Amino acid sequence: MLDKTNVKNLDKVVVRFSGDSGDGMQLAGNIFTNVSAGLGNQVSTFPDYPAEIRAPQGSLSGVSGFQVSVGKGVHTPGDAADVLIAMNAAALKTNHRFLKPGGVIIVDSDSFKEADLKKAQYTTDNPVAELGINAQVVEVPVTTMTKAALADSGLDNKSVLKCRNIFALGLVCWLFDRPLENAEHLLRNKFAKKPAVFEANAKVLRAGYDYGHNIHASVSTYRVETNDPTPGVYTDINGNTATAWGLIMASEKCGRPLFLGSYPITPATDILHELAKRKDLGVKACQMEDEIAGVCSAIGASFAGNLAVTSTSGPGLALKSEGIGLAVMAELPLVVIDVQRGGPSTGLPTKTEQTDLMQALYGRNGESPLAVVAPVSPTDCFDMAFEACRIAVEHSTPVILLSDAFIGNGASAWRIPTADEYPAIKTPDVPQELLADGTWRPYLRRENLGRYWPVSGTEGAQHRLGGLEKDPRTGAISTDAVNHEKMVELRAEKIARIADDIPALEVLGNPDADTILIGWGGTYGHIRTAAEELCKAGTPVAMAQFRYINPLPANTAEVLRSYKRVIVAELNTGMFADFLQCRFPDVHIQRINKTQGQPFSVSELVERTTKLMED
């Protein structure tokens, strides 16, 4: 147990792991997160990957970070860290700005030699003084201690050095009173096929933990409060994995096999990887030769009666646009997942933005309406992937799911749901009586204007679909001008009616406020926390986060018109604000925008909201 003479009791703490991209910071951070989630802590993570592939070791451009907040009332990874682990001189230089004043820095003193300082572009031999750091700096010979712990392991030097991150993890587990048994269990699963590697890491984990006991009098330690969670099985899950699992749940609930046609692209590739593992559940995951093939294969699978999905990021969404337009015209169920990243072009592949909104809404030729939804957190990716599939199937339309790199790579604690917590998806099979009397036609419509969706090979349901305009009764090609206008209006009305089938917009915060802070998608945690902090400070605000973009929730106009001041915060130059302003020209909308490839910080949202309210 911790030495109670130097313990800080906190509702939540923030830890940031940093080192070379090959130092295993993501693994150490993920294990710490999973252990904390298992103890009943809420968790929120921010993996901060370098954009360069295999940058020179020890260089500033090659630093990889992983930030996690654990405790109670956690909605973001935190603005600043209580503890920073810096595995080399470059990591300290690029990450010290994320540390709270007076926090704890743990450095591997073996990685601060003259050559290391030169690579990291220091001008003196005293990095702490040069950077003006105000913190409790704990110099730990991590490399030396790791080598000593594994002296008799039989591993080569390269394999021994790969365990440095686990020594640091053991030290952090001591610092926050995390049980080593849980961490060892995760390591055992990670290295199940390499027992020697597991034994080495387990030994190093214990060595790091024991080292913490030996220095307990010289550094603050922490006790973190836990929630009283709903009973169930909990794990931490990242957004991309949650998305994949939500698709699988939807496949089970609609009774159609899941097909993914995709081309690898950062940061969406993990969805393809996860679904490729699920052949045991009947999932067909195909890595196609390019983005166009990905969407076209999914359209073919949908025509054949599969629950069809294609995944990508911004540049890939542009390439898929013609195929998506075909799915709009054919009125086929299709889910397009866009894990947004910084752009344009190749842009910032490992950084987050919300800059694909207009492309999702309008980025196709002609009048090409479809549904657009956006998850608000890593765990919500499961629910909104399921919801995207439900809307696509029940309303016979493509649906674009706008995730982003922040929530796609980030993780939160998640209670694994049971199947009965999710509704059956009402798959629009062709009624037998229509097949029996021969009256079924491809564009025969249901009450919500959606088409029926026959499985390929169904007797009596042979048909063709294509990209040319159709007659609404027969499905035959039609170039009649009046018919085209009728079909344009019909397709738009079909999407508009989805508003009757989605939840109302929920408003949180001070019910008496005359200012509402609005966001959409993955900015939820930061906006909610900022609203809470403003209210606590005596500045009453409300907040609302949009998960449904097109169509908007039915009560959107009522909510917006209820406030004197509407502030929209988003990680772009104002796309959603423009969209709302166009829809509701009588509402005066103010903006908070950021395009740095990084999520908002709570402090900047509080500061900028306060300034707008004072103007």
Side-chain angles (χ1 to χ4, degrees), residues 12-50 63-71 74 76-78 81 83-85 87 91 95 106 162-176 178-192 194 197-198 201-202 204-205 208-209 224 233-245 266-267 269-271 273-274 277 339 350 352 377-379 381-382 405-414 416:
K12 52 190 172 185
V13 295
V14 179
V15 186
R16 188 174 181 92
F17 297 82
S18 62
D20 264 327
S21 56
D23 280 342
M25 295 297 93
Q26 309 301 322
L27 175 60
N30 275 313
I31 292 176
F32 179 77
T33 301
N34 209 318
V35 170
S36 298
L39 294 176
N41 293 139
Q42 290 180 326
V43 300
S44 178
T45 72
F46 175 43
D48 193 7
Y49 300 101
V63 174
S64 176
F66 185 101
Q67 186 161 306
V68 55
S69 180
V70 304
V74 172
T76 78
V83 176
L84 169 67
I85 294 88
M87 298 297 285
N95 285 272
I106 298 173
K162 285 184 177 180
C163 298
R164 294 167 61 242
N165 61 326
I166 304 302
F167 184 95
L169 174 63
L171 183 52
V172 173
C173 284
W174 166 78
L175 199 64
F176 292 96
R178 311 283 97 165
L180 285 192
E181 295 77 11
N182 296 13
E184 288 175 351
H185 175 73
L186 295 168
L187 286 170
R188 189 184 301 275
N189 290 341
K190 171 71 176 177
F191 301 111
K194 300 177 180 179
V197 175
F198 162 69
N201 279 283
V204 168
L205 180 74
Y209 192 90
V224 185
V233 178
Y234 283 79
T235 185
D236 74 312
I237 192 171
N238 70 37
N240 283 339
T241 300
T243 298
W245 291 2
T266 301
T269 307
D270 286 344
I271 298 171
H273 290 167
E274 184 62 29
K277 302 174 186 175
V339 186
T350 62
T352 195
S377 69
T379 55
C381 286
F382 182 94
F406 173 67
I407 58 174
N409 291 326
S412 296
W414 184 56
I416 299 174

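Please read all numbers here as calculations on a predicted model, not as lab measurements.
- When the salt bridge (Lys or Arg N to Asp or Glu O under 4.0 Å) test is applied to Lys190, no partner is found at least two apart in sequence or on another chain.
- Counting only residues at least two apart or in different chains, salt bridge (Lys or Arg N to Asp or Glu O under 4.0 Å) contacts with residues 25-34 are absent.
- Checked against side-chain hydrogen bond (donor to acceptor under 3.5 Å, both in side chains), Ser18 has no partners two or more places apart in sequence or in another chain.
- Scored by the side-chain hydrogen bond (donor to acceptor under 3.5 Å, both in side chains) test, Thr350 finds no partners at all (sequence neighbours excluded).
- Contact check for Ile106 versus Leu175: side-chain heavy atoms found under the 4.5 Å cut-off.
- Nearest heavy-atom pair, Asn409 versus Thr45, reported as atom, atom and distance to 0.1 Å: O-OG1, 4.4 Å.
- Shown here for Ile237 and Pro378, the closest heavy-atom pair between the two residues is O-CB, 3.8 Å.
- Residues forming a side-chain contact (heavy atoms from CB on, under 4.5 Å) with His273 (at least two apart in sequence, or on another chain): Thr269, Asp270.
- For Asp48, the side-chain hydrogen bond (donor to acceptor under 3.5 Å, both in side chains) test picks out Arg16, Lys351, with sequence neighbours left out.
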What donor-acceptor contacts under 3.5 angstrom involve side-chain atoms of residues 22-35, with partners at least two apart or in another chain?
unit_1, atom_1, unit_2, atom_2, d
Asp23, OD1, Arg164, NH1, 3.2
Asp23, OD2, Asp20, N, 2.8
Gln26, NE2, Ser64, OG, 2.8
Gln26, NE2, Gly65, O, 2.9
Asn30, ND2, Gln26, O, 2.9
Thr33, OG1, Gly29, O, 2.7
Asn34, ND2, Asp236, OD1, 2.7

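- Under the rule for a salt bridge (Lys or Arg N to Asp or Glu O under 4.0 Å), Glu184 has no partner lying at least two apart in sequence or in another chain.
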Tell me, with the steps shown, if Val13 and Val83 meet side chain to side chain contact (heavy atoms under 4.5 Å, CB included).
-> CA-CA 8 Å; Val13 295; Val83 176; over 6 Å; no
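- Rounded to the nearest 0.5 Å, atoms CG (Leu180) and SG (Cys173) are 5.5 Å apart.
- Under the rule for a side-chain hydrogen bond (donor to acceptor under 3.5 Å, both in side chains), Ser412 has no partner lying at least two apart in sequence or in another chain.
- Under the 3.5 Å distance criterion, the side-chain polar atoms of Gln67 are matched with a main-chain donor or acceptor of Gly78.
- With sequence neighbours left out, Phe406 forms a ring-ring contact (aromatic ring centres under 6.0 Å, His included) with Phe46, His526.
- Annotation: side-chain contact (heavy atoms from CB on, under 4.5 Å) contacts of Asn238 (sequence neighbours excluded): Asn240, Thr241, Ala411.
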